[in-house]
Amino acid sequence: MHEMGIVLHLAKTLDETAAQEKLTRIGSVTLSVGEVSGIMTDLFEDCWNYFRGRHPLLKDAVLKIETAPAVTFCGSCERTYPTVQYGRECPYCHSGETWLLTGNECIIKEIEAEGGEEQEE
Amino acid sequence: MRIIELGASVTASNDADARALRMRMRESGVLLINLMSAAGSGKTTLLSRLIRDLKELRVGVMEADIASSVDAERIEALGARAVQVHTGGMCHMDAGMTAAAVEALGTERLDLLFLENVGNLICPAEYDTGAGKSIMLLSVPEGDDKPLKYPLMFRESDAVIITKTDTAGYFDFDQERCRERIRRLNPRAEIFPVSAKTGEGMEALERWLREALREWRGAEAARPAKGEDADA
Ligand SMILES: Nc1nc2c(ncn2[C@@H]2O[C@H](COP(=O)(O)OP(=O)(O)OP(=O)(O)O)[C@@H](O)[C@H]2O)c(=O)[nH]1
Ligand SMILES: [Mg+2]
Ligand SMILES: [Zn+2]
Ligand SMILES: [Zn+2]
């Protein structure tokens, strides 16, 4: 049930943004999800669609998920490499002393919304 | 429609809840400690030992579990104040759930308050619970490669307890290699090898906990309060 927990936090963060910016409706939410964040995007979308139906602000909000690449750092040769392709073993020196640099995050990149000060018009 | 760039973590709202809870805990003078580990690493056993050893301190425990109540019953049997939190299927505690549990237990007449997080090495580390200290357990049978596989929890912990050291003879756990891996991820983490079964190594951990409590309260009462410098 990790995904539902994230949806609840996402909704709360969006509620707070909406209150601050006086938004009345959110049309879309773009998330940047790390390749190895462990978030199952299909399951996440199911949770989202279930949840937004009972949340007026998010009723029409489409979820857009972008994938952010995962990068691992090798402590032995101090080089970086793509995590998904090579896993935990460094492809340069075959050391296993490696650490994930990025790819674990889940960030709200942007939202499309109505209300507040419409700057363009 | 206009576009608003946020760049916020999905858990931004949790961070705000966590800060609020931490501030409340500071005012109450109770040190909240988030205890994390994989399932079965020995969290409840360690807490039982600490409750027996730290006699001069009043210890409370919040047991987070997906559904059962056995851990809270074990703690209550030792005479400590405990509350069971059912996470309703959720695999981690967040700050909002922690604040509700603190509310249910109450902070009066307490010195240390432990949160036994859900047994899971992954997502509990992603959520700030509002605790003043976070500590994790890694038990010898789990293997010394865990810092490589689950770096985030090792990075987020103020102390790493290597537990079940009494079983070292049966496993190929290399303590030096494990320490080195932890240090590379988190140079400021204190490392305590202990056996909650034999009591070996518990003293160093208990000294650290007492010191952490003093520090927590010192920071809270950093101004006059004590009467030492206030003599006329
Ligand atoms: N040999 C040995 N066994 C231990 C030690 N600490 C805990 N155990 C055993 O490990 C098992 C699990 O311990 P618990 O304390 O229930 O572990 P836990 O982390 O609270 O488990 P969950 O709450 O289910 O995640 C029990 O059978 C304990 O007796 C130890 O230091 N040495
Ligand atoms: Mg337990
Ligand atoms: Zn390398
Ligand atoms: Zn979780």
Side-chain angles (χ1 to χ4, degrees), chain A residues 1-18 20-21 23-34 36-39 44 60 72-73 75-76 87-89 95-101 104-121, chain B residues 1-18 20 64 66-67 86-97 118 120-129 143-156 174 177-178 180-187:
Chain A
M1 278 303 281
H2 193 67
E3 281 70 16
M4 197 63 197
I6 299 172
V7 167
L8 294 178
H9 280 291
L10 174 58
K12 201 166 163 212
T13 301
L14 294 176
D15 278 342
E16 283 161 12
T17 307
Q20 252 169 38
E21 307 260 342
L23 306 176
T24 50
R25 198 172 75 88
I26 294 182
S28 77
V29 177
T30 307
L31 296 184
S32 167
V33 176
V36 296
S37 65
I39 296 172
F44 192 88
D60 308 315
T72 295
F73 174 76
S76 301
R88 282 176 50 209
E89 191 184 298
S95 163
E97 301 288 321
T98 58
W99 289 273
L100 189 67
L101 285 183
N104 195 26
E105 62 284 343
C106 178
I107 295 189
I108 313 169
K109 258 181 91 174
E110 58 183 38
I111 59 178
E112 273 181 283
E114 270 171 16
E117 298 106 56
E118 302 270 351
Q119 268 136 13
E120 284 85 359
E121 279 134 294
Chain B
M1 287 268 180
R2 60 183 173 129
I3 292 183
I4 303 172
E5 286 183 22
L6 281 176
S9 159
V10 277
T11 54
S13 72
N14 184 65
D15 295 346
D17 291 348
I66 288 174
H86 286 154
T87 61
M90 202 81 83
C91 39
H92 58 265
M93 286 290 283
D94 64 27
M97 293 155 79
V118 181
N120 166 356
L121 278 178
I122 306 171
C123 50
E126 292 166 13
Y127 286 85
D128 185 349
T129 57
D144 57 35
D145 60 346
K146 292 299 165 289
L148 300 174
K149 290 189 177 169
Y150 306 100
L152 187 64
M153 192 171 285
F154 288 87
R155 253 186 228 130
E156 294 294 319
D174 184 333
R177 193 162 51 181
C178 190
E180 182 50 33
R181 286 171 173 161
I182 296 168
R183 268 196 293 269
R184 295 185 83 146
L185 286 173
N186 182 357

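To find a chain, count down the sequence lines: A is the first, B the second, and so on, and within it residues start at 1.
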Item to check | When Thr98(A), Ile26(A), Leu23(A) are compared by non-hydrogen pairs under 4.5 Å with chain B, the top option | outcome: Leu23(A)
Under 4.5 Å from a heavy atom of chain B, the part of [X] involved:
X: Ser28(A); result: neither
X: Asp15(A); result: neither
X: Glu105(A); result: neither
X: Lys12(A); result: both

Checklist outcome for this item: Looking only at Ser9(B), Pro151(B), Ala12(B), Ala8(B), the option with the highest number of non-hydrogen pairs under 4.5 Å against chain A is Ala8(B)
Checklist entry - Who wins among Cys123(B), Pro147(B), Ser13(B) for the most heavy-atom pairs under 4.5 Å with chain A? => result Ser13(B)
Item to check | Per-residue contact mode, Leu152(B) against chain A (heavy atom under 4.5 angstrom) | outcome: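 The answer is the side chain of Leu152(B).
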Item to check | Segment of Asn120(B) engaging chain A (4.5 angstrom heavy-atom cut-off) | outcome: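 No part of it gets close to chain A.
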Checklist entry - Is Glu180(B) paired with Arg183(B) through a side-chain N to carboxylate O contact shorter than 4.0 Å? => result yes
Checklist entry - Do the ring planes of Tyr127(B) and His9(A) sit parallel (below 30°), tilted (30 to 60°) or perpendicular (above 60°)? => result tilted
Next on the checklist: To the nearest 0.5 Å, what is the distance between CE on Met93(B) and OG1 on Thr129(B)?
Outcome noted: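 Reported to 0.5 Å precision, the distance equals 8.0 Å.
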Going by heavy atoms in the side chains, are [X] and [Y] under 4.5 Å from each other?
X: Glu126(B); Y: Glu156(B); answer: no
X: Ile111(A); Y: Leu14(A); answer: yes
X: Leu148(B); Y: Glu97(A); answer: yes

Item to check | Main-chain N/O of Ala95(B) paired to Asp128(B) side chain as donor or acceptor, under 3.5 Å | outcome: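 Checked: no pair found.
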